[in-house]
Amino acid sequence: MAGMNATDSAKAGTEAETKTAPRPHDPFAPSTGAVRVFAGIGLLLLAVTFVGTLAIVLHQAFGGDGASGPMTELAMWSLGLSGLVGLWALCLPRDAVDHGVRCGAVVVQYALAVAGPLLASVDLS
């Protein structure tokens, strides 16, 4: 250290000060992984609601007047969009969308998945 002058020691001090200690883990911080898990569960819910929607549509088609309800096509679109929104929330990288947007997408995914059987069950005749 005999060859160190005042400038070198000042640089060494600022380098030590710029290195910060790691932040403690916040258990209440928003987690992208948790939202992705909920999006994956939503895709499983989508499969269940799709089978339920098919059961409702087939029951309406073979029972009563022989036609399914008027909202069947809308119900199928709702289920399809639920799958797309769920895959979007599950697969996009962390830096691509904000945490709040991803959470909102999962809420929309669940709402569309539940709306499918509800729309299919509408029978006005």
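Along the sequence shown, the residues carry numbers beginning at 1.
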**Request:** For H99, look at atom NE2 and say whether over 12 heavy atoms of other residues, nucleotides or ligands are found less than 6.0 Å away.
**Result:**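 Counting neighbours around NE2 of H99, more than 12 heavy atoms of other residues, nucleotides or ligands fall under 6.0 Å, so yes.
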**Request:** Give a yes or no on this: more than 12 heavy atoms of other residues, nucleotides or ligands lie within 6.0 Å of atom CH2 of W88.
**Result:**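 More than 12 within 6.0 Å, yes.
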**Asked** Between the main-chain N or O of A115 and the side-chain N or O of S78, is there a donor-acceptor pair closer than 3.5 Å?
**Response**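 Not at all, since once roles are kept as given, no pair shorter than 3.5 Å links the two residues.
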**Asked** So, the side chain of Q60 versus the backbone of A120: is there a donor-acceptor pair under 3.5 Å, distance only?
**Response**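 Indeed, once roles are kept as given, a pair shorter than 3.5 Å links the two residues.
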**Request:** List for me each residue that meets side chain to side chain contact (heavy atoms under 4.5 Å, CB included) alongside L81, sequence neighbours excluded, and say none if there are none.
**Result:**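 Checked L81 against side chain to side chain contact (heavy atoms under 4.5 Å, CB included); matches are L84, L112.
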**Asked** Can you name the closest pair of heavy atoms from V114 and L118 and give their distance?
**Response**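 For V114 versus L118, the nearest heavy atoms are O-CG, 3.4 Å.
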**Request:** Identify the heavy atoms of L119 and A75 that sit nearest to each other, and give their distance.
**Result:**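 That would be CB-CB, 3.9 Å.
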**Item:** CZ on R102 to OG on S31, rounded to 0.5 Å
**Value:**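 Going from OG on S31 over to CZ on R102, the span is 10.0 Å.
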Atom pairs and distances, side-chain donor-acceptor, residues 32-54, under 3.5 Å, sequence neighbours left out:
unit_1: R36; atom_1: NE; unit_2: L90; atom_2: O; d: 3.4
unit_1: R36; atom_1: NH2; unit_2: L92; atom_2: O; d: 2.6
unit_1: T49; atom_1: OG1; unit_2: L45; atom_2: O; d: 3.1
unit_1: T49; atom_1: OG1; unit_2: L46; atom_2: O; d: 3.0
unit_1: T49; atom_1: OG1; unit_2: A113; atom_2: O; d: 3.4
unit_1: T53; atom_1: OG1; unit_2: T49; atom_2: O; d: 2.7

**Asked** Do L79 and L87 belong to the same hydrophobic cluster, where Ile, Leu, Val, Met, Phe, Trp and Tyr are linked whenever their side-chain heavy atoms lie under 4.5 Å apart, directly or via other members?
**Response**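 Yes, L79 connects to L87 through the hydrophobic network.
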